[in-house]
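Below is one structure, written out as structure tokens; the observations come after it.
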Amino acid sequence: MTKADLFRESMKGRNVTVIGIGISNMPLIEYLCGAGANVTACDKHDKEWLGENYRRCVELGVKLKLGDGYLDDLTDDIIYKTPGMRIDVPELAAAAGRGAHITSEMETFFELCPSHIIAVTGSDGKTTTTTLINEMMKHAGYKTWLGGNIGRPLLSEVGNMTEDDYAVLELSSFQLHTMKYSPEIGVITNLSPNHLDWHKDYNEYIEAKTHIFKYMTRENKLVLNADNSDCAALLPLAHVNVKMFSRKMNASICLDGGMIVCEGEPVLDIKDIKIPGMHNVENYMAAIGAVWGLVGKDDINYVAKNFGGVPHRIELVRELDGVKYYNSSIDSSPNRTINTLNVFPDKVIMIAGGKDKGIPYDELGEPLAEHVKTLILIGATSGKIEDALKATGRAGEVEVIKASTYPEAVEAARRKAVPGDTVLLSPASTSFDMFRNFEERGELFKKLVNELS
């Protein structure tokens, strides 16, 4: 029997709690129910907010605990927490003190997965790098399974995976925070302050990221960004096969003129990369470091010439009356927005703002003054973004407009734009003050832009 078969056998008749009825945990709930477990699902939201997920849980016979008090009386022996919940919340800590096993969908996937695992984490570029790795591996003929913090949760697929397959995962700091497993190949794209409204401090955030290699064996491979000081500082901690990538210095994967070179071998001319921006050159370098030895140069070059990017990442929505509208809703931190602004040669009209993650915005001021002619602010971080601009002494160079709704923000952008302009959604903030996720924010922006006439 496989590990997955044994796991399903062990779940028959067990009382199991799942906290969070969302994207990552619904497949888990279905999988546990299919294995014969007695599942209790807890969520702070009500049945109207949960919508179809609520109806599906009722169909499965799941016991539901919703709204206030959803964490009361966690008495089951096995508790699956949602990735966004800390392990030290009082209710979970009390359950652990009673002997409950606290785990997550991703930890169980690592435990049961029969396939090779490649995983990517970092502050920026995770999704693009993960997708590039997956595309390169697929073009080389491998059977791949894309998941983690991107695509679909994969636990319910472990029974269909083989030892020759590759699971390609994007992992967040939330998922890695309590992880006791590491992949065979890991990538850290870069590190910068992020999610400090959740992590106790930046050191804890970095510590969570190190779990991607903490449990590796010596023959496993880790790819690190040599140009990012916090990332490069992890090198002495990684007692594995480490490959560094750099745009600025000699490294295992580096630039020679306009050519990406890996282990001394020319691999890819950056002019052939379809998606724009030097940050995407870095993403390609990270991906090449991960797949080197598994795929050929032809596979890498094919992807570079044909991959058009992931939605919500500098995504061209439309051109109207000579104005181009771009959706980069994924830009949930100042560093991501800075990278996006560097793509555009001329000053843009930018919509920014969202939920405050407790991170500094000081570094955003100069790029705003340099690359933005009209700044439309919306959301909780509006004040911090405007303060960063004012601190440069160049606030007079940028027109600032305040909006209270997205229709208002898009209409203001349309009103200010003239032929030849670029309108850019790059929030530099998470979406959770107004939306469930960055995809919902981006989709609303695209809908509003496509309705313009």
Side-chain angles (χ1 to χ4, degrees), residues 18-30 41-58 62 64-68 70-71 80-86 89 104-106 124 126-127 130 146-154 170-175 177 194-199 310-313 315 317 327-333 336-337 351-359 378-382 403-410 425-451:
V18 177
I19 300 173
I21 309 174
I23 292 173
S24 63
N25 276 351
M26 260 323 290
L28 170 65
I29 291 169
E30 293 175 335
C42 311
D43 200 288
K44 64 183 177 182
H45 299 104
D46 60 23
K47 64 181 183 180
E48 285 76 21
W49 192 95
L50 293 168
E52 182 56 37
N53 286 348
Y54 171 81
R55 289 186 286 275
R56 180 60 178 146
C57 284
V58 171
V62 173
L64 291 161
K65 292 169 61 179
L66 308 178
D68 294 340
Y70 75 107
L71 292 180
Y80 286 85
K81 72 177 187 67
T82 185
M85 177 172 285
R86 289 184 60 90
V89 300
S104 68
E105 180 267 340
M106 184 53 61
D124 304 310
K126 295 187 297 295
T127 301
T130 306
L146 180 67
N149 205 40
I150 179 178
R152 67 192 190 283
L154 294 178
E170 175 190 328
L171 297 178
S172 69
S173 63
F174 302 158
Q175 290 167 315
H177 189 226
N194 209 345
H195 300 301
L196 299 188
D197 57 338
W198 193 91
H199 289 285
V310 181
H312 308 295
R313 291 152 178 84
E315 176 187 12
V317 180
N327 162 36
S328 202
S329 182
I330 186 61
D331 295 347
S332 58
S333 67
R336 292 198 77 118
T337 290
I351 300 171
K355 184 179 183 295
D356 190 346
K357 295 192 286 186
I359 61 178
I378 182 171
T381 57
S382 294
S404 56
T405 67
Y406 262 76
E408 184 183 333
V410 171
L425 171 64
S426 181
S429 315
T430 62
S431 59
F432 302 120
D433 56 339
M434 297 183 182
F435 304 95
R436 298 188 185 197
N437 49 50
F438 72 85
E439 293 97 339
E440 186 176 272
R441 175 172 63 188
E443 290 302 325
L444 175 60
F445 175 75
K446 291 196 289 184
K447 177 177 182 290
L448 293 169
V449 167
N450 283 319
E451 288 174 350

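The two residues Leu448 and Pro407 have their closest heavy-atom pair at CD1-N, 3.6 Å. Looking at every heavy atom in both residues, Asp356 comes nearest to Thr381 through CA-CG2, 3.5 Å. Lys357 and Ser332 make their closest contact through NZ-O, 3.0 Å (heavy atoms, listed as atom of the first residue, atom of the second, distance). The two residues His195 and Ile359 come nearest to each other via the heavy atoms N-CG2, 4.0 Å. The two residues Thr337 and Pro427 make their nearest non-hydrogen contact at OG1-C, 4.2 Å. Of all heavy-atom pairs spanning Trp198 and Gly84, the tightest one is NE1-O, 2.7 Å.
Under the side chain to side chain contact (heavy atoms under 4.5 Å, CB included) test applied with Tyr54, the options Asp43, Val62, Leu66 reduce to a single match, Leu66.
Heavy atoms of other residues, nucleotides or ligands lying less than 6.0 angstrom from NZ of Lys47 number 12 at most. Atom NZ of Lys44 has 12 or fewer heavy atoms from other residues, nucleotides or ligands within 6.0 Å.
Aromatic ring centroids of Phe435 and Phe445 lie 6.0 Å or more apart.
Here CZ of Arg336 is found 9.0 Å from CG of Asn194. Values are rounded to the nearest 0.5 Å. Atoms CD1 and OG1, from Ile330 and Thr430 in turn, are 11.0 Å apart once rounded to the nearest 0.5 Å. Atom-to-atom distance recorded for Glu315:CD and Asn327:CG is 5.0 Å, nearest 0.5 angstrom. One distance of note links OG1 of Thr130 with CG of Leu171; it measures 8.0 Å at 0.5 Å rounding.
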side-chain contact (heavy atoms from CB on, under 4.5 Å) evaluation trace for Lys446 with His312:
CA-CA 9 Å; Lys446 291 196 289 184; His312 308 295; 4.1 Å; yes
Could you walk me through whether Met85 and Leu71 satisfy the side-chain contact (heavy atoms from CB on, under 4.5 Å) test, starting with their C-alpha distance in whole Å, then the side-chain angles of each, then the deciding distance to 0.1 Å, before giving a yes or no?
CA-CA 11 Å; Met85 177 172 285; Leu71 292 180; 3.8 Å; yes
With side-chain contact (heavy atoms from CB on, under 4.5 Å) as the test, would you mind laying out the steps for Cys57 and Met26 before giving the verdict?
CA-CA 8 Å; Cys57 284; Met26 260 323 290; 3.9 Å; yes
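At least one side-chain heavy atom of Met434 sits less than 4.5 Å from a side-chain heavy atom of Ile378. At least one side-chain heavy atom of Tyr406 sits under 4.5 Å from a side-chain heavy atom of Leu425. Counting only heavy atoms from C-beta outward, the side chains of Pro83 and Met106 never approach each other to under 4.5 Å. The side-chain heavy atoms of Leu64 and Val58, taken from C-beta on, include a pair separated by under 4.5 Å.
Lys447 has no carboxylate O lying under 4.0 Å from a charged side-chain N of Glu443, or vice versa, which leaves the two without a salt bridge.
Under the salt bridge (charged side-chain N to carboxylate O under 4.0 Å, His left out) criterion, Asp46 pairs with no residue at all, not counting sequence neighbours.
A side-chain donor-acceptor contact under 3.5 Å links Ser329 to the backbone of Phe438.
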